[in-house]
Each structure stands twice: as structure tokens, then as C-alpha cells.
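Below is one structure, written out as C-alpha cells; comments come after it.
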Amino acid sequence: MCEKKKAGIIGLGMYVPENILTNKELEKMVDTTDEWIVSRTGIKERHIARSDEATSDMAVNAAREALKDAHLNPEDIDLIIVATITPDMFFPATACVVQAKLGARQIPAFDISVACSGFIYGLAIASQFISSGTYKHALIIAAEKLSAITDWNDRSTCVLFGDGAGAAVLAPVEEGGILSISLGANGHQGELIKLPAGGSRIPATKESIEGRLHFIKMNGSELFKHAVKIMADAALSATAPLGLKAEDIKLVIPHQANERILNAAARRIGLKKDQIYLNLDKYGNMSAASSAVALAEAVKKGLIKKGDKIVLDAFGGGLTWGAMVIEWSK
Ligand code: ACO
């Protein structure tokens, strides 16, 4: 009988726009302070895309780097998934735009909309196609231009978000790979973070624009409470079936929403501070792109070596969440 192959990451890439917006600059835009932002979130600066730079442009840059890292060409790719809540447009899917820009074959390409959990959901979906032998090389890209849906008059949200993209190539691996996956959602709490207008419920009108309904609305303190428990529970439900304890984990690559959430979740699962990879000081919350960029950066820095067991862990709008254990195979 043919044994199912595990899917593993064989290439990673990332891209952030050149333009950096510091907390000091935000002080001039809204009633806030660098001290408030750093002490409440850990964020010092974020990257903001140019007005002519769309999500697909950032996605393509990250994808090209991931393909190079995997020693593959665009025509080697069998599947493209883009995780984003800021697609170039409602349709066609940003994944189709990326397919054309990369010069990939006429392979399946689609978007998924699960906010900050998108990179993990994307890896989870693609890994099923790889393990079943349906496809050999899948490109998963998490890309966001959150600056386009941020209300720059709302100090409670505009200090949090940034733009960027991360990409991974998944392929069958002989050793290691994705060992476990835990995904979940709770639509009852969807009101906690949403973009109210622009869809079929509230199509764009003069009133919707004047009401600023095309920007992110968020109940931050309520989300905060759920986030700590959800992130800890998700990590535990991915590690427990493998019998892994905190000390067996080399590094947790979390969604980067708030340093206080991550420290509290880490305490809950018994992790030491140096077992959590943090980069939100430089990038803020890039939704789906956060964990993808963090993984690419951690690998680039040599923090993850062959045989290491790492945990990807995210939660976000939906609410959605996801965690996975990967044994590094490169
Ligand atoms: N500068 C100064 N003061 C501010 C700012 C600001 N930028 N923003 C809010 N405040 C004020 C508030 O008005 C409030 O003042 P008040 O007490 O006079 O009413 C006070 O600071 C405290 O506000 P809180 O919202 O209670 O502050 P909190 O400590 O909860 O921090 C934060 C807010 C950072 C948003 C936090 O709640 C958080 O990180 N929540 C989680 C967000 C999250 O994880 N989102 C993930 C999903 S993202 C996605 O899916 C795309």
C-alpha cells in the first residue's frame, strides 16, 4: 500500500513595503503617544504600501523569493492559495492575479478569507493536496494591505496595523513536515472585528462612506480576552496529540497582534520568553501575513534548523484560529 507523504515547507519568502511609519509620526496624525503604543502593544513601527502597490504586488514579491529559496520556477507550481482580507478587488481572486503575474501554468488558484489565521489555514488546505499526491508543489501566500482598510482617524485601531506579505512552498518531504493541524472558528463572535460595508449587506453608498463603514471596526479589549485563551488552546490542541511538551518546542511562530497577548498565552502553556518569535515591534499586525513573515524571518536568522519542532499559532477575525506543528525538514 502506498503510504501518504507528509507535506513540508521547502521554500520561504517575505516582502514588506519600503515606507516605514513610526509611532512618533502617528503622534502627529491622531491623539496618541509612542509610550502608549509601545506599552500597550509592543509595536514601534509598521510598513505601509505605496498607493500604487496592491496586495498582489506584495504577494508576488514574497512568492518570487519563496520560489527561489525552493529552487523552483513559477511553472513548477501546481496550486496557488492566497490568504488575505485585503484582496486587490472582490473578484477575480488575488491568487489568479498572482498566477498571471508570476507566469505560472493554468493551475488552480483561489483566495481564502480567514483574517489573521489565513497562513495556517492555507498551509493546512494545501497539505491535504500534497499528502494525497494530487499536487507536488503548492504556493501559499499570505498578503495584506491593511492600510487600505484602516481608519486613519481612529486611534484605537490605526496604531496597530501594517502591510506585508509572506510566502511558502509546500512539497512532499521524506523527513519531518507538518505533523499536526488544529483549526477552528466561532462565528458568534464575528462582530468583535469586522469591515461592515462594501459587501452585499451594506453595498457602498454615500452614507456608508460618510459613516466610515469601509474601515476596520474592532472591540479591542474584548478580543484581547479571547485571544489569550484561544491562542493557548490552539497550540495545546496541536501539540497534545503528538505528546509534545513545552520544552520539546524549539520556537512558536505566532500571529503578531499584541506582545501582551503573546506573553500571557506563552505563560499559559509554560513556554519561556525565548521560545516565542516576536517581530511586531517592526511590522505591527499584518493579519495573515504576520505569521508568514515571522516564519520567513526566523528561518533567515538561522533560529530554526532541520529536525526542530516549531508551532505556528494564530487567531483573528471570524473569529478563526489555527495552530500546526512542523518538524523542520530543510
Ligand atoms: N493612544 C492613546 N490612547 C488610546 C489609544 C491610542 N492609540 N487607543 C485607545 N486608547 C485609550 C482608550 O480610549 C481608553 O481610554 P479611556 O480609558 O479613557 O476610555 C484606553 O486607552 C484603554 O483602551 P483599551 O481599549 O481598554 O486598551 P487596551 O489595553 O485593551 O489596549 C488594544 C487596546 C491594544 C487594541 C488591545 O485591546 C488589543 O491588542 N486587543 C486585541 C486586538 C487583536 O488581537 N486583534 C486581533 C485580530 S486582528 C485581525 O483579525 C485583522
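Counting starts at 1 for both ligands and their atoms, in listed order.
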Please check if atom CD in Glu25 has more than 12 non-hydrogen atoms from other residues, nucleotides or ligands closer than 6.0 Å. yes
What is the closest protein heavy atom to atom 32 (C) of ligand 1, and at what distance does it sit? Asn258 ND2, 4.4 Å
Go through the structure and list residues passing side-chain hydrogen bond (donor to acceptor under 3.5 Å, both in side chains) with Asn186, not counting sequence neighbours. Gln189
NZ/Lys44: more than 12 non-hydrogen atoms of other groups inside 6.0 Å: no
Applying a strict under-4.5 Å side-chain criterion to I, L, V, M, F, W and Y, I'd like to know whether Val16 and Leu280 cluster together. no
Can you find a protein heavy atom under 4.0 Å from atom 19 (O) of ligand 1? no
One residue to check: Asn285. Relative to ligand 1, which of side chain, backbone, both or neither has a non-hydrogen atom less than 4.0 Å away? side chain
Nearest neighbour in protein (non-hydrogen) for atom 12 (C) of ligand 1: Arg155 NH2, 3.9 Å
Would a 4.0 Å cut-off, counted as strictly less than, catch a protein heavy atom around atom 14 (C) of ligand 1? no
Kindly say whether Asn258 contributes a backbone atom to a donor-acceptor pair with the side chain of Thr41 at under 3.5 angstrom? no
Hey, does Ala227 sit under 4.0 Å from ligand 1 if you only count heavy atoms? no
Name the closest protein heavy atom to atom 10 (N) of ligand 1, giving the residue it belongs to and the distance to 0.1 Å. Trp36 CZ2, 3.4 Å
Which residue supplies the protein heavy atom nearest to atom 40 (N) of ligand 1, what is that atom called, and how far is it? Gly220 O, 3.0 Å
Under 4.0 Å to a heavy atom of Phe315 - the qualifying atoms of ligand 1, by number: 44 (O), 46 (C)
Going by heavy-atom distance to atom 49 (C) of ligand 1, choose the closest among Cys116, Gly316, Gly317, Gly118. Cys116
Does atom NZ (Lys301) have a neighbourhood of more than 12 heavy atoms from anything else shown, all under 6.0 Å? yes
heavy-atom search around atom 29 (O) of ligand 1 in the protein gives Arg40 NH1, 2.7 Å
Hey, is Ile37 one of the residues with a heavy atom under 4.0 angstrom from ligand 1? no
Is it true that, when you exclude Glu174 itself, more than 12 heavy atoms of the residues, nucleotides or ligands shown sit nearer than 6.0 Å to its CD? no
Are more than 12 heavy atoms, taken from residues, nucleotides or ligands other than Glu222, located less than 6.0 Å from that residue's CD atom? yes
